[in-house]
Amino acid sequence: MAFENQYVQQRIEKAEALRALGIDPYANHSERNTTVEKFHNVNSDLFKKEDQRDEHRHYTVAGRIKLYRLMGKASFVKIEDESGMLQIYVARDNLPENFYNDVFKKLIEVGDIIEVSGYPFVTQHGELSLHADSLKILTKAISPLPEKFHGIQDKEMRYRQRYLDLIMNSEVRKTFHIRSKVISLTRRFFEDKGFLEVETPMMHPIAGGANAKPFVTHHNALGIDRFLRIAPELYLKRLIVGGFEAVFEINRNFRNEGMDATHNPEFTSIEFYWAYKTYKDLITITKEYFEYLFDHLDLPKRLPYGELEVDFDQFSEIELIQSLSVIGGVPESIVNDKEAILAFLKSNNLEAKATMNLGQLQGELFDEFVEAKLINPTFITHYPVEISPLARRNDERPELTDRFELFIAGREIANAFSELNDPVDQLQRFEGQMAAKDSGDDEAHEMDEDFVTALSYGMAPTAGQGIGIDRLVMMLTNQHSIRDVLLFPAMKPTHNQTNHGEEE
RNA sequence: GUCCCGUUAGCUCAGCUGGUAGAGCAUUUCACUUUUAAUGAAGGGGUCGAUGGUUCGAAUCCAUCACGGGACACCA
């Protein structure tokens with residue numbers, strides 16, 4: 001790290017000049033007594049008064065200088081704090097002797113964080129502003145901000161230096177406020193329903209609960225490898241065995257796979273498990289959850305998503321097999337006929353392996369012909385058992401499972417089902433996965449004998465659900481890349497960053 | 001993984017079929033006491049992502065690499 005850039009050098013010299021004048025360019029406290037938002041709210045009455053100023057009111061605000069307009073013996077600057085932007089009028093004759101010429105004009109600039117005291121007034125152009133009678137630098141910024149009008153356009157810089165993105169782009173701040181609220185509301189919703197928030201291990205001896213490649217780390221004291229968790233599912237079910245009847249966990253999962261607009265190596269989900277309930281109860285609570293989010297987020301029920309509009313008042317529900325013909329336009333006569341589906345896929349120039357079973361082929365039809373058409377929130381229910389290894393079979397139709405996925409704007413948002421709690425069946429399914437692993441499927445589920453042992457003591461009939469928080473926030477904020485809802489998305493190291501990983 | 005696009009001043013971007021670097025903002029100096037991306041004048045600032053190659057000459061053409069973006073395939 002070096003500060004050899006000419007602009008940085010100039011600013012360092014200004015910080016030194018401030019010190020030479022007895023001014024600390026990095027003050028250790030502030031006298032701020034109001035925020036910009038409160039200032040605007042409290043003083044909005046001035047617009048209605050004849051004399052649009054009140055010298056008897058006095059406020060101290062603080063923030064970063066975003067704009068700076070100097071006009072001889074007076075200036076306008078705009079400062080911004082987290083709550084908003086405020087214009088400050090700074091006139092030479094209202095400040096201490098020489099301060100305006102020697103300090104304000106020469107040593108304070110855009111990017112610096114300042115504190116200003118004064119009274120409120122409305123300018124000739126009708127902008128409520130602060131008339132400064134004292135001004136103090138709180139923090140000298142030695143790197144210049146990006147260009148004031150276009151801001152920061154370079155996505156790479158926005159992600160690598162998110163703080164600059166946040167400084168320059170209030171829409172980005174808004175997105176992350178919504179994300180924070182979503183997580184907070186999610187927690188409160190489930191707590192209010194009587195769920196217990198729990199924390200289960202992030203470092204697993206066996207990476208289970210999903211089919212995905214894990215990150216591996218090493219525990220020196222024990223001399224063993226540990227896996228960053230790919231899902232909390234198996235631990236949360238152990239807690240149901242233990243007698244907790246409603247648990248949830250909001251936390252990160254880690255998957256050692258590709259990165260793109262909808263995948264980050266670490267992502268946030270909520271998983272919740274509810275004893276003595278079925279997937280039908282989960283559909284009900286999911287609808288309530290969305291109602292709750294929209295009520296508390298102050299968002300309209302009809303939200304744009306790119307070219308689309310999603311109506312969160314229009315939840316619907318349809319069985320997967322039915323959706324193939326009703327929504328996907330696949331001939332109803334073929335949806336339960338393996339050979340006919342194969343022929344249909346081929347006639348649509350889609351790849352289909354003859355080794356695929358009926359359930360997999362139905363899943364293929366769904367992915368190709370239905371998924372993208374599910375714009376308003378849609379529960380797709382009764383997935384074939386072949387593509388639902390952890391879900392309970394339907395009592396009447398054992399080829400199907402008591403499962404649903406929720407789709408919004410053509411994307412999967414949640415996956416839920418009545419849980420498999422037959423320990424013998426679970427053991428057999430794990431053994432099936434081991435066979436798949438032996439024949440080359442490196443994402444097949446690991447055997448977890450301890451989990452089977454847990455089930456053997458009896459897990460009450462339970463329904464469980466996972467919701468991808470990142471994707472949910474994408475929907476709610478009309479963002480189309482997961483990087484835009486993650487404060488610090490995963491990025492490759494740049495050349496000048498030392499990578500302590502193993503050499504290729 | 002594959003394909004396409006991008007990388008030029010602190011930032012946002014021009015730079016044509018190769019002739020040796022441009023603008024706006026920012027910065028420096030000057031003027032200006034109600035501006036709204038303030039305005040007017042003058043100046044400084046660049047290993048043109050990296051490394052090779054072609055050429056008398058490369059920001060420009062070619063190759064390789066790095067990083068980023070987008071699309072496709074798999075996973076949430």
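Per chain, numbering begins at 1; letters A, B, ... match sequence-line order. Side chains are part of it too, since the values below use all heavy atoms of this structure and drop only hydrogens, waters and symmetry mates.
- No donor-acceptor contact under 3.5 Å links the side chain of A:E127 to the base of B:U35.
- When both distances must be under 3.5 Å, the Watson-Crick or G-U wobble mate of B:C16 does not exist.
- Atom NE2 in A:H125 sits about 10 Å away from atom P in B:A37, given to the nearest Å.
- With sequence neighbours excluded, the residues that form a salt bridge (Lys or Arg N to Asp or Glu O under 4.0 Å) with A:R229 are A:E249.
- A close approach under 4.0 Å does not occur between any side-chain nitrogen or oxygen of A:K492 and OP1 or OP2 of B:G69.
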- Message: Strictly under 4.0 angstrom, non-hydrogen atoms only: write out the protein contact profile of nucleotides 5-14 of chain B, one letter per nucleotide from the 5' end, B, S or -.
- Response: -----BBSS-
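- Rounded to whole Å, atom C1' of B:U34 lies 12 Å from atom NZ of A:K78.
- Both cation-pi conditions hold for A:R403 and A:Y383: the charged atom is under 6.0 angstrom from the six-membered ring centre and inside a 45 degree cone around its axis.
- You'll find a donor-acceptor pair under 3.5 Å spanning the side chain of A:T123 and the base of B:U36, going by distance alone.
- If you check B:G46 for Watson-Crick or wobble pairing at under 3.5 angstrom, you find it has no partner at all.
- Residue contacts for A:K66: at a heavy-atom cut-off of 4.0 Å it reaches no nucleic acid atom on any strand shown.
- Taking the six-membered ring wherever Trp is involved, the centroid distance between the rings of A:F488 and A:Y163 does not fall below 6.0 Å.
- Considering only side-chain N and O atoms, A:R483 lies under 4.0 angstrom from the phosphate OP1 or OP2 of B:G69.
- B:C74 makes up no base pair with any nucleotide shown, lacking Watson-Crick or G-U wobble contacts both under 3.5 Å.
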